[in-house]
Amino acid sequence: MTAAAIAADFTATHTDNGILITGRSGRHYLARTIGGLVEVYRANRRGEARNRRVYTGPAPTRWAELFTALAKAGVR
């Protein structure tokens, strides 16, 4: 799968709490950048993080890089 095809599976919206990401399955995730890392948590549709972290990795320079990393981590 190309990065563009993977990126098409996700949408991102800026919120006060971070970046709310909605996957193809309809699940919501909240991405927060801390220093040089990005942490992604399960979230509700209002953008409030739950305590379940699903991904931690280097902060991406483009959305497609984050979406590709999430897809490789099994986030849908």
Side-chain angles (χ1 to χ4, degrees):
M1 247 183 152
T2 66
I6 291 171
D9 289 342
F10 295 94
T11 60
T13 307
H14 290 271
T15 68
D16 292 337
N17 297 328
I19 306 299
L20 181 63
I21 299 168
T22 304
R24 176 184 60 218
S25 65
R27 291 186 176 159
H28 301 283
Y29 303 92
L30 185 70
R32 295 180 180 153
T33 303
I34 300 170
L37 293 176
V38 63
E39 293 184 339
V40 180
Y41 295 88
R42 284 279 290 134
N44 60 25
R45 65 181 58 141
R46 293 181 305 274
E48 299 166 344
R50 297 182 184 164
N51 290 332
R52 184 166 171 245
R53 184 173 34 209
V54 296
Y55 175 80
T56 301
T61 55
R62 296 186 336 243
W63 282 112
E65 293 173 4
L66 176 60
F67 297 153
T68 301
L70 291 175
K72 287 180 182 177
V75 172
R76 300 279 179 234

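What you see is a predicted model; the values in this text were computed from it and never measured. Count residues from 1 along the sequence.
At least one side-chain heavy atom of Ile21 sits less than 4.5 Å from a side-chain heavy atom of Leu70. Using a 4.5 Å heavy-atom threshold, the side chains of Arg53 and Val40 count as separate.
Separating the OH atom in Tyr29 from the CZ atom in Arg50 is a distance of 10.0 Å, to the nearest 0.5 Å. Thr15 OG1 to Glu48 CD: the interatomic distance, rounded to the nearest 0.5 Å, is 9.5 Å.
At distances below 3.5 Å, not a single donor-acceptor pair connects side-chain atoms of Arg42 with backbone N or O atoms of Val54. For the pair Asp9 (side chain) and Arg24 (backbone), a donor-acceptor distance under 3.5 Å is absent.
Here the closest non-hydrogen pair linking Ala59 and Thr33 is CB-CG2, 4.2 Å. In terms of heavy atoms, Leu66 sits closest to Ala31 at CD2-CB, 4.4 Å. The two atoms that bring Ala49 and Arg32 nearest to each other are CB-NH2, 3.8 Å, heavy atoms only. Pairing each heavy atom of His28 with each of Leu20, the nearest pair is CB-CD1, 4.1 Å.
Under the side chain to side chain contact (heavy atoms under 4.5 Å, CB included) criterion, Ala69 pairs with Tyr55, sequence neighbours left out.
By the rule that hydrophobic residues join a cluster once side-chain heavy atoms approach within less than 4.5 Å of another member, Tyr41 and Val38 end up as members of separate clusters.
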